[in-house]
Amino acid sequence: MFKYKILAVIIVIVYFLQPFFFSNGGIGADSLSYFGIAADLPNPETNLFPLGYPILLRVLYNVVHDWFWASKILNILFVIGILSFSYFSKFYFRETVLLFTGKTFFFVFLQAMSEGPFIFLLYFLFYFLHQIFAKKNRGFQNAVMASIILIVMFSVRYSGIYIYASFLLFFALMFFKIRKAFYFKPLMLFGVLSGTGIFSYLLFNYLVFGTFTGENLRGVSMTSLPIDIIRSILGVMNVVDPFIGIKPSSVSFASMAFQFLIFIIDVVIFAYLLQFFRKAKNDSLYYFHILLWLMSCIYAFALLISGWFQQIEEMNVRMMAAANICVFFSFLILYFKNVNSDKYLWRISCFFFVFLVAYNLKDADDYLKNKSKIEPQMVKFKDKKYLYNNEKHIETITSYQILGIDKVFYYKHTNKQKGTIKENIVGTLNPKIKWLMNDSVQDKSKVLYTSQIKFD
């Protein structure tokens, strides 16, 4: 157990330091939208994103007066909170530490995005659902706590409704098998309270904004081409992989061949995970594991289908975060129950943790230095209302030398483009400036163009 304690400390240090080596500090386009909503509080102008994450950001911002630091402090509190709770409550500490060596935790807790609080809450939803299945006493109290957490999850990401839908499907499929179990009534209470809370939030949105989830603000799907659909399907399959989530943005032959190679690896991993799931049939928490796997499946495919009708990202590590954690956590619990030695799992987990750190540092930058270049310039742009990246045509290409052979390949990193870096930092310094996807504002004097920002 000592090695897991040491690894937990290393994880906290790495998760805290790594974003400083990102050119954008882990700030993306959606981050700017959340910062903008948070800056508008208590009078939000849109319900395109729910209010849960912006409220958390605003609370921290009122303390530190910096949106980057507000998001960063939140993330590290989530990391420390999960690890500390797991250790002191003796809730699968080894399994929880290994979750942080995987791709999903590593990704969501290094970025300023709503997946951070969503996954944080999902972990505690696991805990209270686990207690409902495992403990005969306090079942109703655990059901109430689980309901509150799921409602808050929905207030952080609308996709929380897919978690609720998966529970309803589980309850319907298992109704006759669990109706005499001691956890049947607590689960029913959980379903009723969660549904009431989610419906109430949707009603609030409709009464205040005129839509349930800002559906009138979402564009049509951009994944209409067969190649885009294939990439998204491959992204869904990657849910079962705890560690490998590399997905090149290119649709070249080499890129697609690489993604099909990952797909083959995913199939092998799925077969391996399935062996452990089958062993759960004799476990007292069998139905808990069924629920986790069902959550993963419903969440993943519901998002895939949503992507065909509205403008959201293609299926990647971020979009599949919750689905991946459901499967990974279930596997880790079953692994330690059925395997006597953790030698191989420990080595594999540590290897990929180091790999993820190295992969993110392969083209390291200095976010605070980038920020210091732009921050003094913001005074003269205080009257601007909109922000537009008009430097998309200026590309920064990174070259990589393949060791052992005389071969160099080139790659365009989205977050290494100067226009994008400027856009993200400006939007962080002043979220009241609303970023634009298209240069559609008639009064150009109200628009701050990234070309007006000096960066060299």
Do the two ring centres, one from [X] and one from [Y], sit under 6.0 Å apart?
X	Y	answer
Phe85	Phe124	yes
Phe106	Phe100	no
Tyr367	Phe20	no
Tyr164	Phe154	no
Phe336	Tyr92	no
Phe49	Tyr158	no

Residue Phe263 excluded, over 12 heavy atoms near CZ under 6.0 Å: no
Other residues, nucleotides and ligands only: do more than 12 of their heavy atoms fall within 6.0 Å of CZ on Phe21? no
Search all heavy atoms of Ser155 against all heavy atoms of Tyr201 and return the closest pair with its distance. CB-CE1, 3.9 Å
Decide yes or no for [X] and [Y]: does some side-chain heavy atom of the first lie under 4.5 Å from some side-chain heavy atom of the second?
X	Y	result
Phe170	Leu187	yes
Asp342	Tyr4	yes
Leu274	Trp293	yes
Val79	Leu83	yes
Phe352	Thr101	no

Go through the steps to decide whether Thr211 and Asn47 satisfy the test side chain to side chain donor-acceptor pair (under 3.5 Å), and finish with yes or no. CA-CA 8 Å; Thr211 61; Asn47 65 334; 3.1 Å; yes
Side chain to side chain donor-acceptor pair (under 3.5 Å) with Lys371: which of Asp66, Asp366, Asn424? Asp66
Worked check of side chain to side chain donor-acceptor pair (under 3.5 Å) between Tyr162 and Ser306: CA-CA 11 Å; Tyr162 300 142; Ser306 295; 2.5 Å; yes
Intermediate values then yes/no, side chain to side chain donor-acceptor pair (under 3.5 Å), Tyr34 and Ser114: CA-CA 8 Å; Tyr34 285 112; Ser114 61; 2.9 Å; yes
Can [X] and [Y] be counted as having a side-chain donor-acceptor contact under 3.5 angstrom?
X	Y	value
Trp435	Ser33	yes
Asn238	Lys103	yes
Thr213	Asn205	no
Glu391	Ser451	no
Ser159	Tyr299	yes
Thr96	Tyr87	no

Spatial distance of atom CD1 (Ile325) from atom OG (Ser296) [nearest 0.5 Å]: 10.0 Å
Let me confirm one number: the CD1-CG distance from Ile333 to Asp283, rounded to the nearest 0.5 Å. 9.0 Å
Using the rule ring pair (Phe, Tyr, Trp, His ring centres under 6.0 Å), only one of Tyr359, Phe328, Phe351 pairs with Phe243; which is it? Phe328
Exactly one candidate in Phe128, Phe133, Phe167 meets ring pair (Phe, Tyr, Trp, His ring centres under 6.0 Å) with Phe190; the answer is Phe167
Chi angles and distances behind the side chain to side chain donor-acceptor pair (under 3.5 Å) call for Asn389, Tyr449: CA-CA 6 Å; Asn389 178 10; Tyr449 293 96; over 6 Å; no
Is a side-chain N or O of Asn438 found less than 3.5 angstrom from the main chain of Ser440, in a donor-acceptor match? no
